[in-house]
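First the proteins, then the strands, lettered A, B, ... as listed; each starts at 1. In this text, all values refer to a predicted model and were calculated from it rather than measured experimentally.
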There are 2 protein chains.
Amino acid sequence: MTFRPRPTFPALAVSFLGTLLVLACTKPSSDPPAVESVEPTAIVAEWALAIHGGAGTIDRDTDAETRSAYIAALSEALSHGKAQLESGASALDVVEEVVRILEDAPQFNAGKGAVFNAAGKNELDAAIMDGRDLSCGAVAGLRTVRNPITLARHVMTDTGHVLLMGDGAEAFADEVGVERADDEYFYTEHRWQQWQKKLANDDQGKMGTVGAVARDKNGDLAAATSTGGLTGKKWGRVGDVPVIGAGTFADNRTVAVSGTGKGEEFIRHSVANSVSTLVAYEGLGVEEAANRVVHGVLAEGDGGLIAVGHDGAIALVFNSQGMFRGAADSNGRFDVAIWEEEYPGEAANSGQVDE
Amino acid sequence: MTFRPRPTFPALAVSFLGTLLVLACTKPSSDPPAVESVEPTAIVAEWALAIHGGAGTIDRDTDAETRSAYIAALSEALSHGKAQLESGASALDVVEEVVRILEDAPQFNAGKGAVFNAAGKNELDAAIMDGRDLSCGAVAGLRTVRNPITLARHVMTDTGHVLLMGDGAEAFADEVGVERADDEYFYTEHRWQQWQKKLANDDQGKMGTVGAVARDKNGDLAAATSTGGLTGKKWGRVGDVPVIGAGTFADNRTVAVSGTGKGEEFIRHSVANSVSTLVAYEGLGVEEAANRVVHGVLAEGDGGLIAVGHDGAIALVFNSQGMFRGAADSNGRFDVAIWEEEYPGEAANSGQVDE
């Protein structure tokens with residue numbers, strides 16, 4: 001676990017440093033300075049964007065053509081977001097548009113590429129959050145909405161609610177004119193084969209998600225996540241994606257986060273919110289906070305997350321075999337990667353794959 | 001907002017205390033002592049139980065008979081939980097049983113007393129969490145389950161999932177033998193009239209929830225919450241109750257929390273998790289942490305929460321006109337109250353009402 005009850009610090013400090021020091025140190029924690037906000041210590045990047053296309057066991061034997069298709073889809077989404085942020089678009093608009101591109105790509109488990117549930121149907125969840133005022137919207141259990149992330153944004157802006165589910169959410173889609181699609185649209189050969197395999201072998205369903213987090217030129221943060229859930233899922237299972245604070249969170253004062261992996265673990269540990277908490281209370285940088293949660297709270301293989309800090313720093317951290325991911329910022333960074341050895345920053349540029 | 005980025009503390013400390021002190025003080029926050037857990041400084045109560053039956057605008061002109069029925073229902077639930085905890089029952093068993101009693105009472109907006117949605121149907125949500133290992137279960141959008149909290153517990157114990165919704169969740173109820181009920185069971189004259197009034201006046205739907213939090217003799221914490229949602233709600237709206245970290249949270253190291261009020265605000269601010277965070281990182285007591293969130297983060301009228309700390313301390317805090325609530329502990333406390341002036345500790349005992 002990443003945190004310990006605060007009493008340990010005074011207790012240890014008494015032993016090592018003496019009573020006077022303890023009093024001086026502990027005072028601010030129970031009675032913090034009356035300031036409302038602070039300037040970030042330094043801006044790492046004027047704008048920054050990170051994306052993911054899911055984490056998990058990604059087969060390294062994937063043929064070159066398939067790998068190239070993944071890399072191309074990530075690169076297209078990243079390029080679009082980069083151009084938008086450069087031209088001054090809001091983080092909120094950018095994360096929605098980038099996630100729409102990933103939803104439309106058949107490679108990823110969201111939108112068109114969503115996996116099939118136990119009944120051979122698709123069930124889609126999504127969430128979006130605006131770091132300026134913590135407003136947020138989410139949808140769960142959609143079967144016919146082409147771009148769930150756009151419906152989530154309508155929930156945020158057009159209703160007093162945060163989370164709509166099932167038939168009700170689809171009726172709302174009609175009211176606001178968000179496009180619906182039939183089963184044929186969501187049919188992809190790859191996902192159908194995955195489902196057939198799942199029916200034959202009763203192993204854990206394939207997980208996967210797409211997401212984007214951004215800091216724009218105004219310093220505003222936003223996060224968006226969308227998923228088709230688990231292959232072969234039953235009983236209307238909902239994962240972490242539409243659970244604000246678990247798979248999705250954004251707060252201008254701290255960080256924007258989008259997670260991907262074993263949703264139940266992300267819910268239990270309030271993963272996205274925990275990264276924000278470590279930035280707020282422990283003063284960690286975004287990379288350190290993300291590492292603390294992914295490698296200290298979650299178990300090996302649970303998945304990963306992408307995050308952009310209030311200072312524009314980017315983290316792409318996972319404890320699974322791989323994570324489809326990309327990062328771009330105003331300093332000229334533009335990386336797309338799948339496995340660990342291609343960790344962005346050390347990795348090849350857009351369009352390249354590993355080795 | 002309740003938290004500030006940590007850098008403010010070093011910055012102020014430099015001004016006031018000098019560089020050496022800063023280094024001594026700030027070290028632990030970035031590299032905390034390598035301990036896994038600590039003994040609470042002092043146990044306030046060996047066991048403790050808090051319950052609520054919703055918060056909001058509760059009419060003070062309610063006739064004496066109706067008020068007595070509320071007080072009697074709260075007292076019955078509290079008495080049952082008290083007896084169980086005294087005899088060594090687990091916090092998890094107690095919060096489930098207490099919430100079942102409140103679900104069965106027609107007075108509260110949960111289970112039998114659930115409000116009607118826009119279609120004149122009931123839609124029920126619930127969640128339960130075990131502070132020992134952060135395991136949790138939740139259900140959303142149920143229409144036919146008599147005791148949603150028990151189904152939530154089955155989700156926790158019998159599936160690898162956390163959240164099930166709608167028809168899928170009801171199919172799961174059949175698989176595990178959780179009792180279902182028809183529309184007639186959920187019909188209460190009071191809620192029907194409320195719905196008719198809602199149809200006539202397009203005001204905000206009546207909010208309400210029931211919940212329980214407990215510490216047992218082993219020092220284990222648990223939280224449970226159940227609701228019928230908003231009167232006249234549309235589009236499959238889901239509130240904070242089944243969103244772990246928003247309306248419900250429990251962690252043995254910190255606190256068990258159950259919230260009630262404007263669900264969307266509880267989601268946005270991860271309310272239940274925020275109380276835990278303040279205990280963990282700021283070293284606050286449960287009452288101070290609850291006050292900080294309810295009066296510092298939420299807006300006036302948003303609602304309230306009940307919490308029991310790892311030390312057995314109880315908080316019952318709200319910023320609405322009233323909150324149906326009760327508290328009991330191993331020190332002999334047994335309070336039931338509705339409005340502010342009856343704040344438990346200063347208030348009359350079971351069966352009494354205000355004035």
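A 4.5 Å side-chain heavy-atom check between B/Asp174 and B/Arg180 finds at least one atom pair inside the cut-off.
Ranked by heavy-atom pairs under 4.5 Å with chain A, the first of B/Thr277, B/Val139, B/Val243 is B/Thr277. Taking A/Thr159, A/Asp133, A/Asn273 one by one and counting their heavy-atom pairs under 4.5 Å with chain B, the maximum is reached by A/Asn273. Highest contact tally toward chain B, considering only A/Ala169, A/Cys136, A/Ser270, A/Gly166, is held by A/Ser270 [criterion: heavy-atom pairs under 4.5 Å]. Your options are A/Ala138, A/Ala246, A/Gly160, and the one with the most heavy-atom pairs under 4.5 Å with chain B is A/Gly160.
Ion pair B/Glu264/B/Arg237 flagged as a salt bridge, since at least one NZ, NE, NH1 or NH2 atom sits closer than 4.0 Å to an Asp/Glu carboxylate oxygen.
Residue A/Glu265: no heavy atom, backbone or side chain, is found under 4.5 Å from chain B.
Just one of B/Leu124, B/Val241, B/Thr227, B/Ile128 meets the side-chain contact (heavy atoms from CB on, under 4.5 Å) condition when paired with B/Pro148; it is B/Leu124.
Ring pair B/Phe172/B/His154 is perpendicular by interplanar angle, where above 60° counts as perpendicular and below 30° as parallel.
The two residues B/Val238 and B/Pro242 come nearest to each other via the heavy atoms CG1-CG, 3.4 Å.
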